[in-house]
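Structure record follows, encoded as structure tokens.
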Amino acid sequence: MSFSDHADPLLAGLNEQQRTAVVSKSKALLIVAGAGSGKTRVLTHRIAHLIRQRIAWPSQILAITFTNKAAAEMRQRVGQLLGEGAESMWVSTFHSACVRILRKEAERFGYVSGFTIYDSADSRALLKRLIKESGAEAYNFTPAAVGNKISRLKNELKTASDYAATARVTDPREAVFVELFSAYEQELRRANAFDFDDLIAQTVYLFRAFPDVAAKYRARFRWVLIDEYQDTNHAQYALVRELTKATPADAIAALKTPLNPALLTPAGDLPGAALTVVGDSDQSIYAFRGADIRNIVDFESDFSDAEVVKLEQNYRSTQNILDAANAIIAENFDRQEKSLWTASGPGNKIVGFAGYSQHDEARFVAEEIERLHNDGVAYGQIAVFYRTNAQTRALEELLMRAAIPYRVLGGTKFYDRAEIKDAIAYLTSIVNPYDPISWSRLLSAPKRGIGAVTEAQIAVFAETNEISYHEAMLRCAEIGIGAKARNAVLSLAQTLKQATELAAPTAAAVKPRPVGEILEMILKETRYLETLRAKRDPQDEARAENLEELIAVAKEFDAANSGGTVIEFLTQVSLVAAVDELDDISGTVSLMTLHTAKGLEFPYVFLTGVEEGLLPHQMSLNEPGGVAEERRLMYVGVTRAEKQLYLTLASTRSQFGDIAATVPSRFLQDIPETLIDWRQTPDQIGHRCYAGGSLQTTGSGYGGGGSGGGSGYSAGQRRDAAAADRSQAAKWRERKQQLTASRLNGKQTKPISFGTPIAQNYNDITLEIGDRIEHETYGIGSVRLITGSGNKSVAHVSFEEHGEKKLLIRLAPIIKITGKD
DNA sequence: CTTATGAGTCTTTTT
DNA sequence: GACTCATAAG
């Protein structure tokens, strides 16, 4: 501690670089912050410093973080440093900030402030309809694929007409895609809805189309700070540029409300805001979402007077962990040289463990956690990471068996559950009765005798008369719907009307009711909870409980936001991220994907599934830069650990009941051997085991990818395996066949409920036209036609009592009685 | 119109 | 293996 600490308590305990970053007055500041280098601390202290020194008012600060959780934390920490005055700062994610701006300015460009935010499921539902309507199925378009492409384009700030201008119109597929894209844009607008990507892109368009709006926000936000800058995409980058641009004098003069003259230059211009970005290109892991690493790499050339501060001292991990992390990331060639170091000593070696199967791996994790816990480590200090959500199954199973309290972050999110989406659809529809997605969803939740036909009739009526779906329902007598359906529609319409009245009373003097109350009223009137409870299924009981939980969430919201509207509640709900759920981790082990883990730290970290095909993931291998990104992902995972890191893998991994041998991750080999203390090495359990005997059950042809020799394959089989390995598509085909085969085998060994003769011939008969067969339920019939081949052969059988049926020969419960008559 | 069943499809990461 | 989709039966 030097004596200058006394000059400014905000600088106390900071190192040289950190201080430089905190006090910098640069208009453009890049803080290159290695993992664990205290960047959150630097950011919060920088903001506090700006305010404390009267360089900025709190209201002039816009700080963008990656998650709402991080935002809340930052606001709280700044508040702590200052004692007060942090309320008027904007601290939020890109998405939340944009929603706030859009809600305020929506009317300017034909939207309503109560617009709906479509999540990816909503977008897909809309696209599905559009694909069907346009007949694009013929071109093999799937909602997911179209959605991804549209998302990519929107992240590049390309509209449908932009794209149409560059697309090869001669390609019919391209032409159809352009159609879909523009239909999608139109439908969103008509529904008064934005998708996730729109939130950013439309804000950029808003600023570009309405200079006075842009000027207003530029004048307000004089200090813009962006965290995790390496994960910004082009649209976000453009947004930052728009916000921090200088504004010419004539645009200022055009403003309705004049600006504080102190902000302007003598010539009357508004200079650009000061921009601080924090990031680490080694931790860029969202390229699949359009994140462009160049945003951070090119920062210095983007802003000619940029100052760069590098934070390389790590305060989080032991040297052993850092050495491993450095060794892993050093293999990425196009990076800026940076090496983390710590003063905290080598610490424990990394513990490695290779299990026989994912269960074995999970068992090790569970046992080790138990051991740690017995040694006095709190569960909340332990985290388990994995590459894919599917890996949670084995982990959860073993943790549960060991009675270890755990919590899965992300995964099947609360708000993704069907019953929750149903309830949310009601609220959404109340706020935005023009939104077809939520309306269509609530129609049959719960089932009330309104089917596809009735729905389509009402929808058409609403759309042709340009009225809301609610209004169309009220007027359903004009449509000519059957009496039974009509009653259901009318009663639902009444409920919606009542709810709308509660949420937004027509009389100005009446105050809106709290969200929890409205939700309860809807669930009561629609008898949704009642219907669920009436069923015997325990799953439905769980659903009812989830709804109760949602009501509790709504009431919590009401309590925390007095006078909070349904719109605000919905906004909050639609923008929650996985980590935002991480409020109380004190008593539980945390399970999460490597992506979710970014920005977090834990004393004890298990990084599981360190295998080829998983980390790096199979899917990344064909993508340009894919493996480099996977490497960064591994780096992120490793650097989350403070005290102790575990790296685990399994020599076989089964997905979908099909067991495959695995190969240790290439990243593992980059870590110096001396850093790892193997409890069980991959060699100990390696390929010998795989080659030993399990091959019979997994079948031939799937042994490629390095499992190599030593097996009982014939030369021909091995050649087959190699050939299959050569092409991805062939591999998939091969694998699918095995899957089918293994299922059939499984069935054969199980006791079969119907007559034994059928069981014996279950999956291995050949049929010809004219054969007579007996089916378990259809009885006797004769084969009229055979289509398809191999496993997929289908017999068209005409049954004596049930007419003609198509049966998959391998699967159908049939027995051949006689040959041709 | 709803529900049950069988077949077919897709498996990376997420604001 | 989980989920969706299409189809047939209730």
Within the 4.0 Å heavy-atom criterion, would you say [X] contacts the bases, only the backbone, or no part of the nucleic acid?
{"X": "A/Phe94", "result": "nothing"}
{"X": "A/Glu228", "result": "nothing"}
{"X": "A/Ile450", "result": "sugar-phosphate"}

Can you see whether [X] engages [Y] through a side-chain donor-acceptor pair at a distance of less than 3.5 angstrom?
{"X": "A/Tyr528", "Y": "A/Asp422", "value": "yes"}
{"X": "A/Asp280", "Y": "A/Tyr229", "value": "no"}
{"X": "A/Thr93", "Y": "A/Ser96", "value": "yes"}

From [options], nucleotide with atom closest to [X] side chain:
{"X": "A/Thr388", "options": "B/dT15, C/dA6, B/dT13", "value": "B/dT13"}
{"X": "A/Met619", "options": "B/dT11, B/dT15, B/dT14", "value": "B/dT11"}
{"X": "A/Arg289", "options": "B/dT15, B/dT12, C/dA2", "value": "B/dT15"}
{"X": "A/Thr454", "options": "B/dC1, B/dT12, C/dG1", "value": "B/dC1"}
{"X": "A/Phe288", "options": "B/dT13, B/dT12, C/dA6", "value": "B/dT13"}
{"X": "A/Lys132", "options": "C/dA6, B/dT14, B/dT12", "value": "C/dA6"}

| Does any N or O donor sit under 3.5 Å from an N or O acceptor when you compare the side chain of A/His95 with the base of B/dT15? |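 Side chain to base: pair present.
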**Report entry** A/Tyr286 and A/Glu228, any side-chain heavy atoms less than 4.5 Å apart
**Finding:**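 No, their side chains stay 4.5 Å or more apart.
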- Task: Determine whether A/Leu621 and A/Val627 make a side-chain contact, defined as any pair of heavy atoms from C-beta on separated by less than 4.5 Å.
- Result: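 Yes, at least one pair of side-chain atoms sits under 4.5 Å.
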[X] [atom1] to [N] [atom2], straight-line distance once rounded to whole Å:
{"X": "A/Arg631", "N": "B/dT12", "atom1": "CZ", "atom2": "P", "answer": "22 Å"}
{"X": "A/His595", "N": "B/dT13", "atom1": "NE2", "atom2": "P", "answer": "9 Å"}
{"X": "A/Asp197", "N": "B/dT15", "atom1": "CG", "atom2": "C1'", "answer": "9 Å"}
{"X": "A/Glu455", "N": "B/dC1", "atom1": "CD", "atom2": "P", "answer": "10 Å"}
{"X": "A/Tyr118", "N": "B/dT14", "atom1": "OH", "atom2": "P", "answer": "24 Å"}
{"X": "A/Asp231", "N": "B/dT15", "atom1": "CG", "atom2": "C1'", "answer": "11 Å"}
{"X": "A/Arg124", "N": "B/dT9", "atom1": "CZ", "atom2": "P", "answer": "18 Å"}
{"X": "A/Gln618", "N": "B/dT12", "atom1": "CD", "atom2": "C1'", "answer": "11 Å"}

Practice task
Return the stacking result for B/dT15 and A/Phe66: yes when the ring centres lie under 5.5 Å apart and the planes under 30°, no otherwise.
Solution key: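 Here A/Phe66 fails the 5.5 Å or the 30° condition.
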Q: Could you measure between the two C1' atoms, the one in C/dT4 and the one in B/dT13, and give it in whole Å?
A: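 The same atom, C1', in both gives a distance of 22 Å.
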What verdict does the ring pair (Phe, Tyr, Trp, His ring centres under 6.0 Å) test give for A/His595 and A/Phe288, after you've listed the backbone C-alpha separation in whole Å, the side-chain angles of each residue and the deciding distance to 0.1 Å? CA-CA 12 Å; A/His595 283 89; A/Phe288 71 91; 5.5 Å; yes
State whether [X] places a side-chain N or O below 4.0 Å from either non-bridging phosphate oxygen (OP1 or OP2) of [N].
{"X": "A/Lys447", "N": "B/dC1", "result": "no"}
{"X": "A/Ser120", "N": "B/dT14", "result": "no"}
{"X": "A/Asn389", "N": "B/dT13", "result": "yes"}
{"X": "A/Asn155", "N": "B/dT15", "result": "no"}
{"X": "A/Ser444", "N": "B/dT2", "result": "no"}
{"X": "A/Thr67", "N": "B/dT15", "result": "no"}
{"X": "A/Lys128", "N": "C/dC5", "result": "yes"}

Considering the options A/Asp197, A/Asp198, A/Asn233, which one meets the side chain to side chain donor-acceptor pair (under 3.5 Å) requirement together with A/Lys154?
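Testing each of A/Asp197, A/Asp198, A/Asn233 against A/Lys154, the sole residue satisfying side chain to side chain donor-acceptor pair (under 3.5 Å) is A/Asp198.
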A/Arg387 vs A/Ala485, nearer the 5' end of DNA chain B by closest nucleotide: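 The answer here is A/Ala485.
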Along DNA chain B (nearest heavy atom to each residue), the more 5'-positioned of A/Thr593 and A/Arg448: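 Result of the comparison: A/Arg448.
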